[in-house]
Amino acid sequence: MTFMTQAGLVLLSIGGLSGMLLYVALDKPKGWLGIKQISRFRQGHIDALVIGTILLSLGTLTALPAAIGWVIIVSGYYTALATGALAWWPEWPTHTRLAWWLDFISLSSFAIGLTAAAISSFVIV
């Protein structure tokens, strides 16, 4: 099993666990467990499931260059976990310019990494 496949499984398990917490939180009053915006928590849950599935499927590409794989793994994890964290800290991306750039670079790196993976799948034999 490749590291990317393992990373996908871990992120899928985070998505599953966050889904359980989300299910419990829906019946609780606003602010339960310090959650300020349940919609952001829900989006983080979905992101973890989707990005975990992407990593799992990309893990089957044995020809994927390691550099591309690492960009996708790191930026994917940051994207999923940071989105979920916005449930507790909704002002994070606007708190400092550095935070905004971190989010922008992560999202851009994930998109560019996926594009590079697609291109490399045609180039590498």
Side-chain angles (χ1 to χ4, degrees):
M1 183 181 298
T2 66
F3 182 71
M4 184 167 281
T5 302
Q6 293 170 327
L9 288 172
V10 170
L11 201 51
L12 281 171
S13 68
I14 291 170
L17 293 171
S18 65
M20 291 179 359
L21 182 60
L22 178 63
Y23 184 77
V24 171
L26 290 175
D27 289 342
K28 303 295 182 191
K30 185 174 181 171
W32 178 77
L33 203 60
I35 298 173
K36 295 178 183 175
Q37 294 183 357
I38 197 77
S39 61
R40 296 203 184 229
F41 187 67
R42 183 182 302 114
Q43 185 62 49
H45 159 70
I46 292 168
D47 285 357
L49 293 174
V50 170
I51 294 171
T53 303
I54 290 168
L55 294 178
L56 193 63
S57 65
L58 285 176
T60 62
L61 295 176
T62 55
L64 184 66
I68 294 172
W70 278 106
V71 166
I72 293 171
I73 290 170
V74 171
S75 61
Y77 262 78
Y78 179 86
T79 299
L81 298 177
T83 303
L86 289 175
W88 286 273
W89 303 287
E91 67 283 344
W92 165 254
T94 58
H95 184 65
T96 66
R97 197 70 178 151
L98 175 64
W100 185 91
W101 276 107
L102 247 157
D103 283 354
F104 177 75
I105 289 168
S106 176
L107 289 168
S108 300
S109 297
F110 190 70
I112 292 167
L114 289 177
T115 304
I119 293 168
S120 73
S121 71
F122 291 104
V123 176
I124 299 173
V125 181

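Nothing here was measured: the structure is a model prediction, and the numbers come from that model.
- To the nearest 0.5 Å, atoms CG (Leu12) and CD1 (Ile51) are separated by 10.5 Å.
- Judged by distance alone, the side chain of Trp89 and the main-chain N or O of Ala82 form no donor-acceptor pair under 3.5 Å.
- Checking side-chain atoms of Ser13 against main-chain N and O of Val10 turns up a donor-acceptor pair under 3.5 Å.
- Here the CD1-OG1 distance, from Ile72 to Thr79, works out to 11.5 Å after rounding to the nearest 0.5 Å.
- Nearest heavy-atom pair across Leu11 and Gly52 is CD2-N, 3.7 Å.
- No more than 12 heavy atoms of other residues, nucleotides or ligands sit less than 6.0 Å from atom CH2 of Trp101.
- Between Leu33 and Lys28, the closest side-chain pair of non-hydrogen atoms is not below 4.5 Å.
- To the nearest 0.5 Å, the span separating OH on Tyr77 from CG on Leu55 amounts to 7.0 Å.
- Here the side chain of Ser120 pairs a donor or acceptor atom with the backbone of Ala117 at under 3.5 angstrom.
- Listed for the Tyr78 side chain is no donor-acceptor partner under 3.5 Å among the backbone atoms of Leu102.
- Remark: Gln43 CD to Leu22 CG distance equals 11.5 Å, nearest 0.5 Å.
- Between the CG atom of Leu56 and the CG atom of Leu49 there is a distance of 12.0 Å, given to the nearest 0.5 Å.
- Residues Val71 and Gly113 approach most closely at CG1-CA, 4.4 Å, considering heavy atoms.
- Here the closest non-hydrogen pair linking Lys36 and Lys30 is O-CE, 3.7 Å.
- Using modelled atom types, no side-chain atom of Ser18 and backbone atom of His45 make a donor-acceptor pair closer than 3.5 Å.
- The shortest side-chain heavy-atom distance between Ile46 and Thr83 does not fall under the 4.5 Å cut-off.
- In this structure, Thr2 and Gly59 approach most closely via the heavy-atom pair OG1-O, 3.2 Å.
- From Tyr23, atom OH reaches atom CG of Leu26 across 8.5 Å, with rounding to the nearest 0.5 Å.
- The heavy-atom pair separating Ala87 from Arg40 by the smallest distance is N-CB, 3.8 Å.
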